[in-house]
Amino acid sequence: MATVTTKDVATIFYKDWGAKDAQPIVFHHGWPLSSDDWDAQMLFFLANGYRVVAHDRRGTVAHRRWPLATTWTTMRPTPRQWWNIST
């Protein structure tokens with residue numbers, strides 16, 4: 001599984017299967033699921049020649065992929081971070 005790191009250093013996991021020149025289908029899950037919940041659908045479309053992409057939303061990362069206990073409240077910026085106020 002690949003990752004992308006955002007400007008605020010959040011790591012987002014994603015799956016990208018299939019030929020890069022194939023027509024893509026992007027799967028987006030809701031809370032509290034993960035990209036794993038799309039595997040059956042992704043395999044179906046992959047077998048039919050599509051490129052399939054699914055990502056884990058911020059704050060709903062599959063536990064086995066995340067080294068620390070993380071919740072949405074620990075990932076959102078504090079007011080000091082939001083307004084870029086140093087101490």
Side-chain angles (χ1 to χ4, degrees):
M1 183 173 282
T3 63
V4 63
T5 303
T6 63
K7 288 181 185 178
D8 60 347
V9 196
T11 301
I12 307 295
F13 295 88
Y14 68 93
K15 301 174 183 181
D16 186 351
W17 302 341
K20 301 304 178 203
D21 61 343
Q23 182 176 346
I25 300 174
V26 178
F27 294 85
H28 180 77
H29 67 83
W31 184 87
L33 305 176
S34 75
S35 60
D36 293 340
D37 293 287
W38 290 114
D39 282 356
Q41 292 84 356
M42 291 176 68
L43 289 170
F44 172 82
F45 286 106
L46 180 65
N48 286 283
Y50 290 88
R51 176 183 179 188
V52 291
V53 180
H55 63 92
D56 285 338
R57 290 179 45 178
R58 183 187 285 239
T60 57
V61 204
H63 175 69
R64 70 184 179 284
R65 295 186 218 129
W66 200 254
L68 302 171
T70 304
T71 64
W72 177 251
T73 56
T74 61
M75 295 177 76
R76 71 177 181 215
T78 65
R80 286 186 176 275
Q81 293 167 326
W82 183 262
W83 295 105
N84 198 20
I85 301 171
S86 60
T87 49

Worksheet item: Would a 4.5 Å heavy-atom cut-off, applied to side chains only, mark Arg57 and Leu33 as touching?
Response: no
Worksheet item: Taking all non-hydrogen atoms of both residues, which atom of His55 and which atom of Ile12 are closest, and how far apart?
Response: CB-CG2, 4.4 Å
Worksheet item: To the nearest 0.5 Å, what is the distance between OG (Ser35) and CZ (Phe13)?
Response: 9.5 Å
Please output the side-chain donor-acceptor pairs of residues 37-47 that fall under 3.5 Å, not counting sequence neighbours, one pair per line with the distance.
from, atom 1, to, atom 2, distance (Å)
Asp37, OD2, Ser34, N, 2.9
Asp39, OD1, Lys15, NZ, 2.5
Asp39, OD2, Lys15, NZ, 3.3

Worksheet item: What residues form a side-chain hydrogen bond (donor to acceptor under 3.5 Å, both in side chains) with Thr6, not counting sequence neighbours?
Response: Asp8, Arg58
Could you list the donor-acceptor pairs under 3.5 angstrom formed by side chains in residues 17-27, with sequence neighbours left out?
from, atom 1, to, atom 2, distance (Å)
Lys20, NZ, Asp16, OD1, 3.4
Lys20, NZ, Asp16, OD2, 3.3

